Trainee: 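Supplied in structure tokens, the structure appears directly below.
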Amino acid sequence: MINNKDIINIEEITKEDIFKILQLAAEFEQQGIPGNLLNGKIIGSLFFEPSTRTRLSFEAAALRLGAKIIGFSGTENTSLKKGESLEDTIRMVDGYADAVVIRHPEAGSAQRAADAAAHPVINAGDGANQHPTQTLLDLYAIQKSQGKIDGLTIAMVGDLKYGRVPHSLAKVLTVFDGVRQVWIAPENLAMPKEIAEYVTAHGGQVEQTTDMAGSIAHVDILYMTRVQEERFVQQAEYEAVKDVYILQPEMLHGARPSMNILHALPRRYEIPQSIDDSPHAYYFQQARGGMYVRAALLAMVLGEK
Ligand code: CP
């Protein structure tokens, strides 16, 4: 049960709870989000790092559920500028709010926030570590577009080293039956060893390759990722890999008719706009599902469902 629990790492949510979240999100999408479920609740929305989709979909979800929002988007006007610590900032907001949503550039920051707070903390992306609520909406998009998750072949392409989205997705896919993962990345952006070891230890089937074009015909989901410029220490290293995987319309000619392209967004070079009209493109529908998934999560964490 996730009632009153922190949501920090995807592997801490049971398969049963994942299905409950997806089911409730579908109900909210089909029937509307009940406007009074979180009446009287206040959500702290603390974004130490830029965001469009995650922050606005969380805030829209909370408002539609009847909650109110406090928080910030950027630290410029906060006492962090005077040297206040993350923990002290969280302790303050924890005293004002019923739950805290946090995005922060440092891996492990969401856990630090959870350790400092009495109320539930939800990780909205902590550095290159994890992005568990993105993964829940990814599962929602996969289930909705493919009718199932079990048995699929799911390719992740691009920056698997710094991408918190593929880290969380690779882990959660091990709880589904017969899912085959294809990791497509240049050697210096390969999936971190600890994630690969986790997936193997949990029975995940993985193929690693550098060949995107040659893999497309064999997959059900092609999950493109942005090369995370902000995580590179040397700009030259980023420039060397930023254009390695650019999806071109002709690469889709041999794709299965039901194959869908996902992307957490924002995109840079990896999906040109010429792909947007393809019947395979599903990334904007994927992002729209985020509000329903985050509404379901808030409703369940705050114990109102
Ligand atoms: N997918 C995602 O996390 O997007 P934002 O950075 O815009 O929140």
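Everything quoted here is computed from the prediction, not taken from an experiment. Atoms within a ligand are numbered from 1 in the order they appear, just like the ligands themselves.
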Trainee: Let me know which protein residues bring a heavy atom to under 4.0 Å of ligand 1; chain then number is fine for ordering.
Mentor: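 Near ligand 1, by chain and number: Ser51, Thr52, Arg53, Thr54, Arg103, His131, Gln134, Ala264, Leu265.
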Trainee: With Arg226, which residues qualify under salt bridge (Lys or Arg N to Asp or Glu O under 4.0 Å), at least two apart?
Mentor: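 Applying salt bridge (Lys or Arg N to Asp or Glu O under 4.0 Å) to Arg226 gives Glu230.
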Trainee: Only counting residues at least two apart or in another chain, list the ones meeting salt bridge (Lys or Arg N to Asp or Glu O under 4.0 Å) with Asp98.
Mentor: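 Expected list: none.
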Trainee: Centre of Phe47's six-membered ring, under 6.0 Å away, within 45 degrees of the axis: is that where NZ or CZ of Arg103 sits?
Mentor: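 Relative to the ring axis of Phe47, which defines the angle, Arg103 lies outside at least one limit.
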Trainee: Let me know which of Ile10, Thr14, Ile8 forms a side chain to side chain contact (heavy atoms under 4.5 Å, CB included) with Glu12.
Mentor: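 With Glu12 as partner, side chain to side chain contact (heavy atoms under 4.5 Å, CB included) holds for just one option, Ile8.
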Trainee: For Arg112, enumerate each residue passing the salt bridge (Lys or Arg N to Asp or Glu O under 4.0 Å) test, keeping only those at least two apart in sequence or located in another chain.
Mentor: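 By the salt bridge (Lys or Arg N to Asp or Glu O under 4.0 Å) rule, Arg112 matches Glu87, Glu106.
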Trainee: Is it true that atom CD of Glu16 has more than 12 heavy atoms of other residues, nucleotides or ligands lying nearer than 6.0 Å?
Mentor: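 Atom CD in Glu16 is not packed in, count stays at 12 or less.
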